[in-house]
Amino acid sequence: MRLHVVLFCVYLRSMPASPQDDAKSLYRSPQIPDEAFFAETFDSGPLDRKWVLSKAIKEGEEDVFKYDGEWALEEPANSVLAGNRGLVLKSPGRHHGIAAYLRTPFYFNDKPLILQYEVLFQNGIDCGGAYIKLLSDSSQLRLSYFNDATPYSIMFGPDKCGSIYKVHFIICDIDPLMAVRQERHARQPDVDLTEYFTDRKPHIYTLYLHPDHSYEIFIDQSLISKGNLLEDMDPPLGPPSEILDPNDKKPEDWDDRPHIPDPMATKPLDWDENAPALIPDPSVQRPPGWLEEELPLIPNPEAQRPYDWDDEMDGEWEAPQIPNPACLQAIGCGPWSPPLISNPAYKGKWNPPMVKNPGYQGLWQPRTIPNPAASEDPQPVQLHPVAAVGLELWSVTGGVLFDNILLCDDLEVARRWTKDTWGQRQAPGIVERLLMATDKRPWLWGVYVFTVGLPIILFISFMWPDKRFGPPHMDYYYKKTDEPQPDVSQHPEGPSSLWAYGAGSPAGPRRRENRRAQKKSDLEFK
């Protein structure tokens, strides 16, 4: 049994621990779903087949591109799956801009919006982002001029600068009354996001925006934040129904002081407001050898007035100062004063103690009035249709990798896409690896039965050695047992020696008699 267990363990150790160790587990590029508005794996074809590099010009500088960072299609350095390429932000400290059109514009109606993609910070992250913008549909939209001012409907993804780690979810809607675009930020997740930025592993970011205005944010298929566009955005999606009256003024006799000086208190007679805070230390004496008559600095006797010195233009000439030679050997020169210490008699300015104000009326605030800008639109969320996907980023370290971008309105399509892309990165368990190995090696089923089934049978045999089968009146029921049996000396037909050899046993003559009776009955029947 021990040999079987050892062989089984050795085989498990020899099996591939990750997809990159097995030729069958090489990366398989997923099929682009027809139902998706946008799907990109970056696994085949040149980058410029679908994506457009931004040629936007810097403001005030002609012939200078604002987005001069380089993009490249590469496999990550620590790739888990061979052949899995991604879009890499290559130039540290430079601005990068690139965009691609959707198959068809996405309209926010009665279907959800699902946006997900994978991000890998290969060089870590110091300051920079990895978010995606869903660019608004418009007749003026030109991807070659895509920049930070291009209108967008949604911005989603990780961002970090300083010590703050964030996952942005920003909507840019149109105010129905003011007819202007307004950015609104979702509250940040309550979980610690540090690991997703620092472990240098790929992570999948997913946004679900449902028709009922609720949203969910996932990282690696784990929910980290959820909320509602009508309640959890900053600033609020709709203006408040009431506002403070800007024309309301506080009355002149309104007393909002919770405490006032005690009018009955008087200053003590021994309170000296003129006493200094510091006084000379009376216990310190001037050190012996201090030359109080000598100055630390004296005019240089060897200095001469320049010949071109003009008193009217340059002022009165004075010789430069040099250290006094008489003070070089002395402990000190010049006027001496003792150090200052705190004055024990110092009390400062006297103020009467504070008491509760009997006339306190509380904090004043203006009254509220109906908000004239409040919207009563039954559908306050008015997001502009989406026509393109844009990446407008900057990173200190560079090396940010994007992969497997998907935009759709079907949860089942998103689930299949996640399984076909992100699912390939997940290392299978022991049972799954055993089953996957049988695809190429069917003979392993015999190994599994031999190494797993036989030890189970032996284990049962060892654990229950007294297990018996059959009726208790048969001889083999008592075989290999110590259970007491009927005493042969009590049998009326013979001695115990006959029982020992089976001549007088119940299984001896009785069995033959039974056979004779059976034959006789058969003859009689015939």
Side-chain angles (χ1 to χ4, degrees), residues 27 38-43 46-48 50-54 56 65-81 83-100 115-135 143 146-148 150 152 154-170 188-189 193-207 217-220 224 388-407 421-422 425:
Y27 178 74
F38 184 86
E40 178 62 88
T41 62
F42 303 106
D43 293 326
L47 182 61
D48 57 359
K50 181 186 296 185
W51 295 83
V52 179
L53 294 173
S54 175
F65 292 122
K66 182 175 183 179
Y67 301 98
D68 55 353
E70 178 187 356
W71 295 94
L73 296 178
E74 297 177 350
E75 292 187 28
N78 56 346
S79 178
V80 178
L81 299 172
N84 184 18
R85 297 195 304 172
L87 179 62
V88 182
L89 183 148
K90 294 289 292 182
S91 306
R94 294 190 177 184
H95 293 272
H96 298 67
I98 195 170
L115 172 63
Q116 74 177 36
Y117 63 102
E118 298 175 25
V119 173
L120 170 59
F121 296 108
Q122 300 184 94
N123 303 332
I125 184 70
D126 185 18
C127 185
Y131 41 80
I132 286 182
K133 289 183 176 181
L134 301 184
L135 306 182
L143 299 189
F146 166 56
N147 56 57
D148 56 346
T150 302
Y152 68 90
I154 289 179
M155 189 178 89
F156 171 68
D159 186 26
K160 188 255 182 179
C161 200
S163 59
I164 302 176
Y165 299 90
K166 296 182 178 180
V167 174
H168 285 300
F169 172 41
I170 306 174
Q188 288 299 312
L193 304 175
T194 306
E195 181 181 358
Y196 302 113
F197 289 80
T198 58
D199 62 359
R200 302 195 180 189
K201 295 180 181 179
H203 298 283
I204 181 171
Y205 293 81
T206 307
L207 168 66
I217 298 175
F218 299 83
I219 300 182
D220 296 346
I224 64 167
V389 172
L391 302 175
E392 187 262 324
L393 306 168
W394 177 85
S395 175
V396 173
T397 56
V400 183
L401 182 142
F402 295 83
D403 199 5
N404 298 326
I405 304 174
L406 174 70
L407 175 63
T421 57
W422 177 253
R425 299 181 183 274

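These figures come from a predicted structure and were not determined experimentally.
- Across V389, I170, L134, I132, a single residue satisfies side-chain contact (heavy atoms from CB on, under 4.5 Å) together with Y152, and that is I170.
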So D403 and V119, side chain to side chain contact (heavy atoms under 4.5 Å, CB included) or not? Walk me through it. CA-CA 7 Å; D403 199 5; V119 173; over 6 Å; no

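- The 12-atom threshold is exceeded at NZ of K66, counting heavy atoms of other residues, nucleotides or ligands nearer than 6.0 Å.
- Within the 4.5 Å cutoff, the side chain of T397 has no heavy atoms near those of the P92 side chain.
- Within the 4.5 Å cutoff, the side chain of E118 has no heavy atoms near those of the I405 side chain.
- Between the side chain of K133 and the backbone N or O of I154 there is no donor-acceptor pair closer than 3.5 Å.
- Minimum interatomic distance between G399 and N123 (heavy atoms only, all atoms of both residues): CA-ND2, 3.6 Å.
- F402 contributes atom CZ, which lies 5.5 Å from atom CH2 of W71 (distance to the nearest 0.5 angstrom).
- Using the six-membered ring where Trp is involved, F121 and F197 have ring planes that are parallel, under 30° apart on the 30 and 60° scheme.
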Dump the intermediate steps for side chain to side chain contact (heavy atoms under 4.5 Å, CB included) on L393 and L89, then the final yes or no. CA-CA 9 Å; L393 306 168; L89 183 148; 3.9 Å; yes

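- Taking every heavy atom of both residues into account, S54 and Y67 meet most closely at OG-CD1, 3.3 Å.
- Contact of the D159 side chain with the I164 side chain is not registered, since no non-hydrogen atoms from C-beta on lie closer than 4.5 Å.
- Two residues are said to be in side-chain contact when any heavy atoms from C-beta on lie closer than 4.5 Å; Y205 and P158 meet this criterion.
- The distance from atom CD of E195 to atom CZ of R200, rounded to the nearest 0.5 Å, is 14.5 Å.
- Contact annotation: the side chain of L87 never approaches that of L401 to less than 4.5 Å [non-hydrogen atoms, C-beta and beyond].
- Taken to the nearest 0.5 Å, the CG atom of L53 stands 10.0 Å off from the CD atom of E70.
- The shortest side-chain heavy-atom distance between F38 and L406 does not fall under the 4.5 Å cut-off.
- Ionic pairing of E74 and R85 is not present here: no N-O contact between side-chain nitrogen and carboxylate oxygen is shorter than 4.0 angstrom.
- Taking the side chain as every heavy atom from C-beta outward, F156 and Y117 approach each other to under 4.5 Å.
- The six-membered or imidazole ring of W394 lies away from that of H96, with a centre-to-centre distance of 6.0 Å or more.
- What you find for S395 and V400 is that their closest heavy atoms are OG-CG2, 4.1 Å.
- In terms of heavy atoms, Y196 sits closest to H203 at O-CD2, 3.4 Å.
- Considering only heavy atoms from C-beta on, D43 comes within 4.5 Å of Y27 through its side chain.
- E392 approaches Y131 most closely through the heavy-atom pair O-CE1, 3.6 Å.
- Here CD1 of I125 is found 11.0 Å from OG1 of T198. Values are rounded to the nearest 0.5 Å.
- Rounded to the nearest 0.5 angstrom, N404 CG and T421 OG1 are separated by 4.5 Å.
- Partners of W51 according to the side chain to side chain donor-acceptor pair (under 3.5 Å) rule, which considers only residues two or more places apart in sequence or in another chain, are E40.
- Counting non-hydrogen atoms of neighbouring residues, nucleotides and ligands closer than 6.0 angstrom, the NZ atom of K201 reaches no more than 12 such neighbours.
- Taking every heavy atom of both residues into account, F42 and G86 meet most closely at CB-CA, 4.1 Å.
- Within the model, atoms OH of Y165 and CG of L193 stand 10.0 Å from one another, a figure rounded to the nearest 0.5 Å.
- Of the possible donor and acceptor atoms, one in the side chain of D220 sits under 3.5 Å from a partner among the backbone N and O of I204.
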